[in-house]
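Worksheet: the structure to be examined is printed underneath.
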Protein chains: 2
Amino acid sequence: MSPRPAVRPGGRSARVQRSVHAAVQELQAEHGRTGLTVPLIAARAGVTPSTVYRRWGDLQELLADVAVEHLRPDEPPADLGSLREDLEHWAAAFLEEMSSPAGRAYIRDALAGDPDGSNAGQCSAYAVEQVETILARAAQRGEHVPGTDVVMDHVVAPMMYRVLFRPGLLDAQYARDLVATVFYRLMPLP
Amino acid sequence: MSPRPAVRPGGRSARVQRSVHAAVQELQAEHGRTGLTVPLIAARAGVTPSTVYRRWGDLQELLADVAVEHLRPDEPPADLGSLREDLEHWAAAFLEEMSSPAGRAYIRDALAGDPDGSNAGQCSAYAVEQVETILARAAQRGEHVPGTDVVMDHVVAPMMYRVLFRPGLLDAQYARDLVATVFYRLMPLP
DNA sequence: CCACGACACGCAATTCCTTTGCGTTAAGGT
DNA sequence: ACCTTAACGCAAAGGAATTGCGTGTCGTGG
C-alpha cells in the first residue's frame with residue numbers, strides 16, 4: 001500500500017524507502033513545503049532523482065505516501081472506562097491533530113496525490129478502526145453502542161468537513177458536542 | 001476572488017482569464033488531467049505560458065481556480081413547497097454532482113491548489129448560501145427550521161466525507177436518510 | 001548453499017517545464 | 001486626451017522530469 005506495488009519488502013528497496021521518507025520529513029521541517037523538489041529530496045536521501053520518479057511517479061504521490069504514513073494512528077484509543085468518555089477523548093484528540101496546520105497539510109497531501117482514492121480510503125479506514133475499537137470495548141462492558149457509521153457520519157465527518165472547508169470555529173468543545181448529539185439524539189435507546 | 005488579486009476586471013485581463021479557463025475545460029475534456037500542462041493550456045488559450053504563470057502561479061492553482069468556478073451553483077435551489085422536499089431534493093442533487101468522477105476531481109483540485117484555505121472556504125460558502133436560501137424560504141412559510149450549521153454538520157458534511165474518503169456506498173437514498181435524521185432527531189420540536 | 005531470473009537502482013543524455021528580465025501594450029483615473 | 005500602473009509577449013537561462021542502458025541486489029527454486 002505504501003509505494004506503488006510495494007514489491008521487494010526488504011533490503012535495498014526498504015532502505016531507499018525509509019531514507020526518502022525521512023528526507024521528506026526533514027526537508028519539510030526545514031524549508032516548509034515551498035521549495036520542496038524531487039531532486040532536493042533525492043539528494044538528501046542519497047539516491048538519484050530517477051529512483052524517486054520511478055517508484056513514486058511524482059512529488060505529489062510521494063507526499064501523499066508520506067502523509068498517509070504520518071496519519072496512521074500509533075496507538076489504540078485510550079480506555080477511560082465508559083463509551084462517552086472514550087469517544088469524547090478520542091474525538092477531541094482527533095480534532096486537535098487534524099485541525100493543526102501540519103495535520104491539515106497532511107490531509108490535503110493525502111487527497112491530492114491520490115488518483116484512485118486509495119490513500120483517502122486508507123485514512124478513513126484508520127478512523128473506522130479506532131472507532132470500532134472504542135465501540136467494541138463498550139459493547140464488551142455491556143453498554144449500548146451506536147453503529148460505526150453513525151459515529152463516522154455525525155462525529156468524524158463534521159469535524160473533517162470543518163477542518164477542510166470551514167477553518168476556524170474549531171475547538172475541543174465542538175468535538176464533545178458532536179459526541180453529545182450522538183448520545184442524546186442519534187443513539188437507539190435500550 | 002477568482003485569480004490572484006483580480007485587479008483590472010475588464011478588457012484584456014478578463015479576456016485572458018476567460019480564454020484560459022475555457023482552454024482548461026476543453027483540454028480536460030479531451031486529454032483528461034494527465035498530460036495537462038501549462039504550456040499546452042497557454043497555447044490553446046492563445047497566450048504565452050509566462051502569462052499563466054504570472055497570474056496563477058502554477059498549474060495547481062489554476063486548476064483550483066477553474067474548479068471553484070465550476071462548483072459555483074448556477075441557480076438557487078428548487079422550491080417544491082415544503083422544507084422536507086426542498087432539502088431532500090437539493091441534497092440528492094448536491095450528492096449526485098459531487099460524487100461523480102468529475103465532481104470529485106473538481107473538489108480535489110479546489111483543495112489541492114489552496115495554500116490559505118480560501119478556495120475551500122468558498123466551496124462551503126456556496127453550500128451555506130444554498131442551504132440558507134432553503135431554510136429562509138421555509139421560515140417564511142412558517143415552518144420550523146433547523147439551524148444552518150445543523151444541516152451543514154449532519155447533511156452536507158457526511159456526504160462530502162464519503163465523497164472524499166469513502167467512495168462507494170453513495171446514492172440518492174443516503175442523502176434522503178440524512179435529511180430524515182435531521183427532521184426526526186436533530187430538529188428542535190415546536 | 002548456490003545459481004538463476006527479475007526487479008530496482010545509478011548514471012547520463014534529452015526533453016520539457018518553469019522562471020525571469022526587459023520592452024511593449026492596454027486599462028483606469030485625472 | 002494624457003499619465004500612471006498593471007498585465008502581457010518575447011526570449012533566454014535555469015532546473016525538473018523522462019528515458020535508455022548497464023549494473024547490482026533481492027527473492028526463489030534447484
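Reminder, nothing fancy here: chain letters follow the sequence lines and each chain counts from 1.
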Salt-bridge contact D114(A)-R108(B) (side-chain N to carboxylate O under 4.0 Å): no
To the nearest Å, give me how far apart CG (L62(A)) and P (dA16(D)) are. 15 Å
Can you see if the side chain of T51(B) gets near the phosphate of dG9(D) - specifically, an N or O under 4.0 Å from OP1 or OP2? yes
Please test H154(A) against L178(B) for side chain to side chain contact (heavy atoms under 4.5 Å, CB included), starting from the C-alpha separation and ending with a verdict. CA-CA 10 Å; H154(A) 298 284; L178(B) 289 170; 4.1 Å; yes
Would you kindly give the CZ-to-P distance between R15(B) and dC8(D), to the nearest whole Å? 10 Å
To the nearest angstrom, the CZ-P distance between R18(B) and dC8(D) comes to 13 Å
Would you mind reading off the distance between L40(A) atom CG and dA16(D) atom P, rounded to a whole angstrom? 8 Å
Tell me the interatomic distance from L36(A), atom CG, to dA16(D), atom C1', rounded to whole angstroms. 13 Å
Taken in chain and number order and not counting sequence neighbours, the residues that satisfy salt bridge (charged side-chain N to carboxylate O under 4.0 Å, His left out) with E96(B) are none
Closer than 4.0 angstrom, basic N to acidic O: yes or no for D65(B) and R55(B)? no
Return yes if the base of dC11(C) and the side-chain atoms of S50(A) contain a donor-acceptor N/O pair under 3.5 Å, otherwise no. yes
dA16(D) P sits how many Å from W56(A) CH2, rounded? 18 Å
Separation of atom CZ in R54(A) from atom C1' in dC7(C), rounded to whole Å: 12 Å
Tell me whether the OP1 or OP2 atom of dC17(C) has a side-chain N or O from T37(B) closer than 4.0 Å. yes
Donor/acceptor link under 3.5 angstrom from R12(B) side chain onto base of dG9(D): no
Counting just side-chain N and O atoms, does R55(A) come under 4.0 Å of either OP1 or OP2 of dA8(C)? no
Where the side chain of V16(A) is concerned, which of dC9(C), dC10(D), dG20(D) is the nearest nucleotide? dC9(C)
